[in-house]
Amino acid sequence: MPEMTLIEAVRETLRSEMRRDPDIFMMGEDIGPRGGVFLASEGFVEEFGEDRVMNTPLAESSIIGIALGAAVNGMRPVPEIQFADFVWPAINQLVGEAARVRYGTNGGKTAPMTVRVPYGGGVRGGLYHSQSIEVLFAHTPGLQVIAPATPYDARGLLRAAIRSNDPTVFLEHKRTYRLVRGEAPDEDYLEPIGKADIKRAGSDVTLITYGLMLHHSLQAAEMVSQSDGIEAEVVDLRTLRPIDGETILDSVSRTGRAMIVQEDTGAVSVSSEVSAIIAAEGFFDLDAPVMRVTPPEIPPMPFSPLQEAEFMPSPEKIAAGIRQLDEI
Amino acid sequence: MPEMTLIEAVRETLRSEMRRDPDIFMMGEDIGPRGGVFLASEGFVEEFGEDRVMNTPLAESSIIGIALGAAVNGMRPVPEIQFADFVWPAINQLVGEAARVRYGTNGGKTAPMTVRVPYGGGVRGGLYHSQSIEVLFAHTPGLQVIAPATPYDARGLLRAAIRSNDPTVFLEHKRTYRLVRGEAPDEDYLEPIGKADIKRAGSDVTLITYGLMLHHSLQAAEMVSQSDGIEAEVVDLRTLRPIDGETILDSVSRTGRAMIVQEDTGAVSVSSEVSAIIAAEGFFDLDAPVMRVTPPEIPPMPFSPLQEAEFMPSPEKIAAGIRQLDEI
Amino acid sequence: MSQSPIGTAAETDLRLPPGLSQERLLDAYRTMCLSRALDIRIWTLNRQGKAAIAASAQGHEAAQVATVMATDPTRDRYLIYYRQLTAMLMLGTTPTEMLIQFLARDGEILSGARQFPLHGAHPRVDLFSFSNVVGTQLPQAVGVALADKMKGRDAVTISFFGDGAASQGDCHEAMNFAGIHKVPVVFLCENNRYAISVPLEQQMPVGSIASRAFAYGIPGVEVDGTDIVASYEAVKEAVDRARSGGGASLVELRVERLLPHTTDDDHTRYRSEEDIERMRDMDPLPIMEQMLRRHGILDDATDAEFKESARRAVDDATDEAEALPFPPVGDMYSGVLESGMGGNSHA
Amino acid sequence: MSQSPIGTAAETDLRLPPGLSQERLLDAYRTMCLSRALDIRIWTLNRQGKAAIAASAQGHEAAQVATVMATDPTRDRYLIYYRQLTAMLMLGTTPTEMLIQFLARDGEILSGARQFPLHGAHPRVDLFSFSNVVGTQLPQAVGVALADKMKGRDAVTISFFGDGAASQGDCHEAMNFAGIHKVPVVFLCENNRYAISVPLEQQMPVGSIASRAFAYGIPGVEVDGTDIVASYEAVKEAVDRARSGGGASLVELRVERLLPHTTDDDHTRYRSEEDIERMRDMDPLPIMEQMLRRHGILDDATDAEFKESARRAVDDATDEAEALPFPPVGDMYSGVLESGMGGNSHA
Ligand SMILES: Cc1ncc(C[n+]2csc(CCOP(=O)(O)OP(=O)(O)O)c2C)c(N)n1
Ligand SMILES: Cc1ncc(C[n+]2csc(CCOP(=O)(O)OP(=O)(O)O)c2C)c(N)n1
Ligand SMILES: [Mg+2]
Ligand SMILES: [Mg+2]
């Protein structure tokens with residue numbers, strides 16, 4: 001099985017899907033000869049041509065609106081929003097329109113499109129190149145929201161997203177692009193949308209997380225295992241809408257303790273929903289409060305390096321949280 | 001004390017604030033001679049002139065962007081988004097820009113503006129005149145989000161919002177505009193932003209809610225009091241950012257049971273956050289799971305009248321939830 | 001008035017462009033009569049508390065029939081908004097199907113009564129309207145047309161919009177992209193000088209929307225939308241251009257909105273008496289009627305028959321629609337995602 | 001080359017518009033030299049791993065000094081984006097203050113190092129830039145100018161933007177509103193033909209942004225942005241118009257971006273060798289230098305002194321800025337809301 005970085009996993013999946021299905025096309029800012037600012041489409045315009053790898057004007061609302069129009073007319077667009085921070089102008093077309101095409105036409109039209117959105121911090125991006133923007137999407141009926149953390153999942157889930165017949169927001173954590181390497185076979189496999197994955201088994205506490213924080217959580221789990229003999233089970237949500245309540249509840253029923261780790265600010269967020277699921281349906285399994293490790297409630301995140309580091313939930317902070325929770 | 005409807009409370013507060021402070025001006029679609037589609041500014045253009053009651057082109061992003069520019073340059077704009085469903089094009093200027101002006105300039109500039117947003121369903125509005133759009137705002141550091149449910153609170157909180165020095169999203173539930181009457185003095189009083197209010201005292205279970213659902217919850221509380229002798233305490237959040245965790249936790253510490261009632265769909269929402277607060281900090285006070293009464297996870301909400309009614313959490317459904325929770 | 005049968009007397013003084021015959025004109029007029037009768041009925045149903053809301057097409061009828069006549073419903077695509085009642089009829093939607101939308105009854109063809117009237121997708125024509133959010137259809141139409149261009153299909157996409165929508169950022173982005181990529185789309189503006197209550201001069205500093213076409217490198221033309229022949233010619237030219245690879249166009253049809261914005265509105269709050277008086281001169285029905293009569297295309301009997309049959313059709317449709325139940329409550333849960341409802345998996 | 005002192009020889013053949021003197025030109029050139037030296041240093045600091053990211057103003061210097069000279073910093077307002085390094089210097093920001101931004105050090109004047117360089121608000125001039133989101137400043141600038149108009153202040157607002165920003169819906173909405181309400185704003189486009197890698201012809205079907213002014217009922221003019229006098233005249237006319245109640249204008253200054261988009265970019269991926277070669281002819285520094293020398297305004301000694309003192313200033317500023325610590329970690333928690341942090345009240 002080849003080892004690759006997460007950005008390579010994304011690129012190879014896009015390439016093989018583009019080769020497989022001529023109805024797939026990509027559009028976005030700088031995805032042409034530049035190859036995308038993260039090089040997700042490096043070499044693509046040379047292979048697939050300008051029609052299928054289309055540089056667009058700097059206008060996010062139309063990137064999504066045009067992709068949506070093409071999607072309802074037989075194509076499978078894979079538009080790219082260059083940075084998650086610039087998805088706001090496109091919210092109307094994405095949350096207001098695309099998400100309701102199937103429901104609002106009573107199934108008469110569908111919008112098979114996969115919106116790729118590089119997101120997240122720890123890249124010295126300051127207030128406008130670091131944001132986590134999943135909340136609104138994860139709240140919206142009619143959307144699928146995927147946030148893989150490993151090259152393996154990125155391949156299987158991006159493939160599943162592109163082939164699915166509903167609008168999907170595909171979140172790629174920028175910091176993981178080159179940081180995270182892993183095995184990802186060249187086979188044509190799919191990972192199921194809406195299924196969480198247990199990335200580490202453990203019996204003492206359940207960590208629920210996604211994206212870059214999966215890796216921080218796994219590190220933290222090793223730390224407390226070594227130092228305190230606490231064994232944390234680490235659940236990688238992978239899909240943020242729909243959330244896989246079953247896997248979460250099953251794990252919590254075994255550990256009795258739950259902690260959600262999230263890079264996005266906490267108030268009214270995915271971490272809130274996971275807490276709420278457990279507080280409603282896992283209550284009698286709980287031996288302790290449901291804890292959250294999230295950043296401070298300030299705009300994510302300062303440009304200054306020490307402050308940026310302070311903002312992010314680190315393996316150390318997560319480990320401290322686990323120890324605290326274990327003692328209750 | 002005069003009795004008035006909620007829309008009258010809004011109108012009278014806007015009028016007296018406009019009279020008090022010449023830096024306040026309103027802008028929006030149809031707010032001029034038409035008086036706004038809900039008549040919130042009926043008669044205003046005649047009194048205050050076209051400059052201070054400004055009809056705008058149909059372009060929400062610029063309504064907020066221009067208001068923001070005016071706000072940082074000494075004015076106190078009160079822009080209106082005609083229906084919450086049309087706030088999406090303005091998200092970039094509101095969540096991306098206005099919310100970070102103070103933080104991103106290290107206090108160098110501030111954006112004192114109050115964005116009025118009529119929202120909510122039960123008005124035969126179908127998919128695009130019924131939405132609850134609070135999630136993203138309630139998630140965003142740098143915003144204040146207010147959702148009053150009574151004329152008294154509407155007056156005190158709208159006044160507080162307009163006078164505050166931070167960008168505020170002021171949510172007015174359309175169904176309450178004419179449905180809800182109540183006393184609201186003509187005095188110059190302020191209600192505190194960020195403080196919930198106990199609208200009914202009770203010892204058996206805590207209902208946490210806001211907006212139209214406050215009234216459904218109060219009705220449900222009366223129903224179960226009469227039928228089962230269950231006394232529900234009803235907490236009206238009033239502010240959705242920041243959420244008043246203290247009042248919630250204090251109530252739950254007395255009742256031991258919590259239920260959140262919300263018109264917005266449940267996944268990743270304000271109700272999730274309230275659950276999460278209780279599950280983290282009120283856990284040892286709880287005698288039962290934290291319950292939620294929210295609509296089905298479908299786009300809010302069908303135009304067809306029976307389906308619309310089915311969508312909304314009714315007093316009956318809430319009462320059934322209370323009974324169920326009481327029995328656990 | 002001449003009582004001569006169609007196509008004989010006075011034919012020579014009406015020069016019809018290719019594709020437009022006297023028969024087609026008469027047929028268009030018949031649809032306009034039907035549209036008007038239906039429109040009046042819908043307003044009444046609202047006043048009776050039976051229809052929750054309605055936007056009227058009164059004043060826009062000629063513009064809409066002309067537009068549809070200039071297209072080919074068997075291959076073209078239509079992104080409408082809420083005011084295209086006449087266009088819907090021209091495209092073969094029945095009066096009963098229309099009334100079911102307004103009464104939100106079971107079997108509603110566009111959205112299963114999930115949405116406002118005129119929203120959803122048509123089962124027989126490629127006509128749709130996803131939302132009430134003004135202006136969103138413009139980039140969508142460009143995308144629809146882009147797909148046709150990519151696939152080498154000869155379909156043309158008509159994107160209806162109002163003067164109000166022209167202020168939206170989406171309008172700019174859509175036209176700019178269409179100009180760059182020469183996609184086969186016709187931006188069809190029904191400019192009735194009002195966005196609800198906001199008059200044109202508070203919406204834009206220039207007098208015409210078509211004049212903006214220059215900024216997007218596409219042809220733009222402004223036409224009297226009560227003049228069916230001129231409107232047809234303008235749209236036809238734009239459609240032909242799109243079909244032959246010449247790219248996008250902007251056609252602005254000037255019309256009057258004869259009724260308030262919707263049944264929820266009262267235009268006397270913001271329109272002067274003179275304005276309301278003057279707009280009546282722009283009622284396309286008498287204009288069309290006079291024109292047809294002047295050229296001997298329409299006689300009293302035919303006119304009477306059109307109006308009578310329109311009335312009957314509307315009466316019958318009302319009975320049929322009112323007899324239907326509301327959609328079953330359980331239907332509301334289906335079709336959020338292909339895989340199911342889309343909430344948390346345990347729910 | 002003439003070695004005559006300023007203002008004597010050859011003065012007659014350079015016709016300067018009112019407000020522009022030889023002294024001002026020389027001063028502008030001095031700032032351009034400083035800007036260039038600083039810009040080069042910043043790029044180096046990035047390559048040394050000390051500055052996280054930088055966008056360069058190289059190629060834009062003349063356009064920016066001309067623009068600032070045409071305004072009055074004591075009363076006018078400036079909404080910039082990330083490329084206005086030269087304008088910042090012209091407005092009195094010191095090289096040390098600039099380098100602190102790029103190095104994210106304590107005491108950073110615009111945002112407390114919370115934001116990228118050139119973002120935040122200036123403590124001494126009314127210059128600000130809230131975000132990196134391209135185009136958002138355009139409606140904001142209109143609002144700023146609207147407030148001044150409402151209050152009867154004679155301030156003019158300059159809204160800098162690039163060709164890329166012109167594609168955003170916000171650009172349309174801003175210009176349209178400014179046209180309707182005649183607000184005192186100058187839309188100042190530095191058109192360098194690229195939005196990162198996307199060339200102008202993939203951004204718009206028309207050759208100039210200024211040509212869109214027509215659609216908004218405002219004057220639009222396109223000028224060679226390496227021609228400092230022509231640029232000054234164009235901006236001055238727009239500023240005067242705004243100040244005297246004539247409303248908004250659009251000024252497009254054509255420049256070349258001499259370096260890749262930012263330090264993260266590599267423009268050889270998407271610019272041809274000829275394109276890169278040709279752009280060098282548009283370097284405003286030699287153009288300005290030749291012009292000043294031709295007219296006897298600049299001599300060798302002065303030129304050498306400008307360049308030497310720029311180098312020294314940049315060296316000193318580097319030392320000063322590098323000596324500073326990063327901002328204290330605890331500072332990050334303040335200033336979300338006036339009332340406090342803005343999380344849940346119990347937290
Ligand atoms: C984005 C958005 N903003 C506001 C509204 C409320 N609204 C509905 S129709 C309308 C006016 C539309 O005017 P125009 O485009 O000229 O169409 P007309 O009704 O005149 O045919 C407004 C403001 C909306 N539906 N969408
Ligand atoms: C809304 C938005 N989309 C995308 C980006 C990423 N981005 C940053 S600068 C830029 C190009 C801007 O080009 P232009 O406006 O011409 O300014 P220039 O850099 O050429 O001076 C892009 C696409 C952004 N910052 N904001
Ligand atoms: Mg109109
Ligand atoms: Mg550029």
Side-chain angles (χ1 to χ4, degrees), chain B residues 23 25 27 51-52 54 56-57 59-75 77 89 92-93 96-111 140-144 164-166 193-196 239 241-249 273 277 281, chain D residues 77 79 108-115 119-123 126 128-131 133 135-151 153 155 157 168-170 172-174 176-178 180-181 183 327 331-332 334-347:
Chain B
D23 290 341
F25 74 101
M27 56 189 296
D51 273 3
R52 294 186 63 203
M54 189 180 282
T56 64
E60 283 77 7
S61 182
S62 61
I63 292 175
I64 303 303
I66 291 166
L68 172 53
V72 301
N73 196 12
M75 305 297 291
N92 190 32
Q93 289 288 352
E97 305 284 313
R100 289 153 212 240
V101 163
R102 181 188 288 277
Y103 192 77
T105 64
N106 201 12
K109 296 272 175 195
T110 56
T140 301
L143 289 182
Q144 300 174 135
S164 103
N165 292 321
D166 283 300
I193 297 172
K195 277 278 150 229
T239 300
R241 183 169 193 99
I243 288 176
D244 181 1
E246 255 171 64
T247 301
I248 296 167
L249 292 168
E273 180 63 22
I277 291 171
E281 298 177 52
Chain D
R77 314 191 197 277
L79 279 81
E108 194 275 294
I109 58 169
L110 297 181
S111 76
R114 289 167 174 188
Q115 293 231 52
H119 288 84
H122 203 287
D126 207 355
F128 50 93
S129 167
F130 296 140
S131 89
V133 189
T136 49
Q137 74 275 28
L138 292 157
Q140 292 163 13
V142 171
V144 167
L146 179 68
D148 286 327
K149 188 184 174 209
M150 282 175 162
K151 290 294 168 191
R153 304 180 200 120
T157 297
Q168 282 283 22
D170 267 9
H172 170 67
E173 298 186 13
N176 190 46
F177 189 99
I180 297 168
H181 292 281
V183 303
D331 284 4
M332 70 194 270
S334 69
V336 178
L337 292 175
E338 189 169 51
S339 61
M341 256 188 52
N344 303 330
S345 68
H346 65 292

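The model shown is predicted, which means the values in this text are computed figures rather than measured ones. Throughout, protein chains are lettered first and strands after them, A, B, ... in sequence-line order, and every chain is numbered starting at 1.
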To the nearest 0.5 Å, atom OG1 of B:Thr140 lies from atom CZ of B:Arg100 at 7.0 Å

Give me the atom names and distance for the closest heavy-atom approach of B:Gly245 to B:Ile277.
CA-CG2, 4.4 Å

Name all pairs fulfilling the salt bridge (charged side-chain N to carboxylate O under 4.0 Å, His left out) condition that reach into residues 138-149 of chain D, sequence neighbours left out, sorted by first residue then second.
D:Arg77-D:Asp148, D:Asp148-D:Arg153

Heavy atoms only, distances under 4.5 angstrom: which of D:Gly169, D:Ser111, D:Ala121, D:Ala145 has the most pairs with chain B? Name it, please.
D:Ser111

Looking at B:Asn73, B:Leu68, B:Asn106, B:Thr56, which one has more heavy-atom pairs under 4.5 Å with chain D than the rest?
B:Asn73

Among residues at least two apart in sequence or on other chains, which ones pass ring-ring contact (aromatic ring centres under 6.0 Å, His included) with D:His122?
none

Of the listed residues (B:Ala70, B:Ala67, B:Ser164), which shares the most heavy-atom pairs with chain D below a 4.5 Å separation?
B:Ala70

Note: vs chain B, highest number of non-hydrogen pairs under 4.5 angstrom among D:Gly120, D:Gly335, D:Ala155, D:Ala174 is D:Gly335

Tell me, for B:Asn165 versus chain D, whether the close heavy atoms (under 4.5 Å) come from the side chain, the backbone, both or neither.
both

Check: B:Gln93/B:Glu60 side-chain N/O donor and acceptor closer than 3.5 Å
no

Rounded to the nearest 0.5 Å, how far does CE of D:Met150 lie from CZ of B:Phe25?
4.0 Å

Identify which part of B:Ala59 has an atom lying under 4.5 Å from any heavy atom of chain D, answering side chain, backbone, both or neither.
both

Relative to chain B, which segment of D:Gln115 carries a heavy atom at a distance below 4.5 Å: side chain, backbone, both, or neither?
side chain

Contacting region of D:Leu146 [heavy-atom separation from chain B under 4.5 Å]:
side chain

Has the side chain of B:Asp166 got a donor or acceptor atom that lies under 3.5 Å from a matching backbone atom of D:Glu338?
yes

Taking side chain as everything from C-beta outward and backbone as N, CA, C, O, which of these in D:Ile180 sits under 4.5 Å from a heavy atom of chain B? Side chain, backbone, both or neither.
side chain

Chain B shares the most heavy-atom pairs under 4.5 Å, among D:His119, D:His181, D:Lys151, with D:Lys151

Between B:Thr110, B:Thr239, B:Val72, the one whose heavy-atom pairs under 4.5 Å with chain D are most numerous
B:Val72

Approximate separation, where rounding is to 0.5 Å, of D:Phe177 CZ and B:Ile63 CD1
9.0 Å

Between B:Arg102 and chain D, which part of the residue has a heavy atom less than 4.5 Å away: side chain, backbone, both or neither?
both

